[in-house]
> 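Handing you a structure now.
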Amino acid sequence: MAQRARLRTRFAVKKKFMAGILFLLTIILVLRDSGSALAAEPVVVGFSQVGAESDWRMANTKSMRETFTESNGYKLILKDAQQKQENQIAAIREFIEQGVGYIVLAPVTEDGWDGVLKEAKDAGVPVIIVDRMIKTIDDSLYSCWVGSDFRREGGVAAAWMEKNFESDKDLVIAHLQGTLGSSAQIGRSEGLQAVIDKNIGWKLAVRDSGDFTQVKGKEVMERFLRQYRHIDVLFCENDNMAFGAMKAMDEARRSYGADGEIKIISFDATRRGLEATLKGWISCNVECNPLHGPRVEQIISRLRKGETPGKLVYVDEIAFDAALITQKDVAERTY
Ligand code: GZL
């Protein structure tokens with residue numbers, strides 16, 4: 001009997017001990033989880049995006065959304081400015097009010113940012129510029145810039161023209177520009193102007209902006225086609241305007257592409273743009289890389305560690321010639 005009683009006591013002690021251990025473990029787990037939840041407050045990033053005007057822009061937005069996710073420890077507040085600077089300025093002010101950790105700005109045009117970026121600086125909110133550039137004499141207004149070398153892009157397209165057209169032969173050029181005053185338009189247009197100035201037979205017949213959109217690209221091209229019975233080259237500063245221009249040429253029964261009247265040069269090299277290049281409709285397509293999310297995230301994580309990343313980060317880009325492009329080039333295009 002006594003032995004059985006001893007056994008019962010020992011069992012009861014063991015049970016209590018185990019219950020105690022279990023309780024302790026539960027407390028530790030709860031504290032650890034709540035601790036990690038407290039410690040991992042998401043980093044809030046306010047992103048003022050130009051708009052949704054093109055395939056390129058949608059890919060750029062997608063890259064930012066896929067990078068700045070909750071699971072990566074971020075909260076992204078994205079504001080679409082519908083290509084209006086005043087909307088971007090208002091968004092930046094809102095971000096400051098909200099106390100975001102970082103502001104990312106994709107500036108619609110280069111001028112007019114000093115005032116609002118000074119407000120961000122005074123509020124101690126670091127600003128990262130992506131894609132196009134701003135014009136300022138005070139580069140302390142932003143921590144870093146990630147984007148393309150648009151003058152280089154313009155130069156690559158111009159070099160393709162010089163390789164494929166005779167310098168002294170008459171060449172009638174129509175120029176469909178992007179959003180006037182944007183770095184992409186300024187750099188790409190400079191590339192074309194340089195080779196027009198250099199090649200005696202090359203004439204700029206007509207120039208106007210299609211604002212990087214397909215709808216306006218079509219409208220402007222319809223006007224070009226009414227004004228000029230013959231055009232040799234359409235220098236088009238992005239794929240979406242080229243898609244609009246091709247619709248206008250189809251409706252006006254004006255041929256284009258490898259065997260057509262009008263050779264099209266385009267920029268962005270989106271998947272749809274490369275499909276048109278593979279078909280020979282676009283003769284040369286200069287890539288413009290929209291996948292800035294990972295690069296911006298790298299900059300923010302370095303800034304958070306107190307490091308000073310390089311001020312300017314240029315993305316690598318190539319160009320596609322209709323005579324050389326492959327199905328593989330198109331298949332590999334993720335946007
Ligand atoms: C280029 C970017 C331009 C694209 C257009 O970096 O700013 O804006 O070329 C887009 O497609 O609308």
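Remember, it's 1-based here, ligands and their atoms both numbered in the order they're listed.
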> Short list, please: which atoms of ligand 1 are under 4.0 Å from a heavy atom of Glu53?
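Once the distances to Glu53 are compared, the set is 8 (O), 10 (C), 12 (O).
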> Does ligand 1 come near enough to Asp131 that some N or O of the ligand is less than 3.5 Å from an N or O of the residue?
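N/O-N/O distance below 3.5 Å exists for this pair.
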> Which residue holds the protein heavy atom closest to atom 8 (O) of ligand 1, what is that atom called, and what is the gap in Å?
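Here the closest protein heavy atom is Arg132 NH2, 2.7 Å.
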> I'd like to know whether CG of Asp197 has more than 12 heavy-atom contacts from other residues, nucleotides or ligands below 6.0 angstrom.
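Result for CG/Asp197: enclosed.
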> With a 4.0 Å cut-off on heavy atoms, does Ser148 reach ligand 1?
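Distance cut 4.0 Å: Ser148 fails for ligand 1.
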> Counting only heavy atoms not in Asp122, do more than 12 sit closer than 6.0 Å to its CG atom?
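Yes.
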> Kindly check if the number of other-residue, nucleotide or ligand heavy atoms within 6.0 Å of CD (Glu307) is above 12?
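Correct, the count exceeds 12.
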> Tell me whether the count of non-hydrogen atoms from other residues, nucleotides or ligands lying under 6.0 Å of CZ in Arg223 goes above 12.
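Enclosed: over 12 neighbouring heavy atoms sit under 6.0 Å from CZ of Arg223.
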> Which residue owns the protein heavy atom closest to atom 4 (C) of ligand 1, what's the atom, and how far is it?
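Checking every protein heavy atom, the shortest distance to atom 4 (C) of ligand 1 gives Asp268 OD1, 3.3 Å.
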> Between Ser54 and ligand 1, does any nitrogen or oxygen pair lie at a separation below 3.5 Å?
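Yes, since at least one N or O of Ser54 sits under 3.5 Å from an N or O of ligand 1.
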> Is the shortest side-chain N to carboxylate O distance from Asp131 to Arg57 below 4.0 Å?
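Result for this pair is yes, salt bridge flagged.
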> Please state which part of Phe267 comes within less than 4.0 Å of ligand 1, counting heavy atoms only: side chain, backbone, both or neither.
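Neither; no heavy atom under 4.0 Å.
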> I'd like to know if Arg188 contacts ligand 1, where contact means a heavy-atom distance under 4.0 Å to any ligand atom.
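True for this residue.
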> Quick one: which of Val172, Ile173, Ile264, Asn164 gives a side chain to side chain contact (heavy atoms under 4.5 Å, CB included) with Val233?
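Answer after filtering Val172, Ile173, Ile264, Asn164: Ile173.
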> Given side-chain hydrogen bond (donor to acceptor under 3.5 Å, both in side chains), test Asp239 with Trp56 step by step and report yes or no.
CA-CA 8 Å; Asp239 284 338; Trp56 188 98; over 6 Å; no
> Which of the atoms in ligand 1, numbered in the order shown and given with their element, are less than 4.0 Å from a heavy-atom of Cys288?
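Within the 4.0 Å cut-off of Cys288, ligand 1 contributes 1 (C), 6 (O).
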> Does any N or O atom in Arg57 lie less than 3.5 angstrom from one in ligand 1, N or O only?
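Yes.
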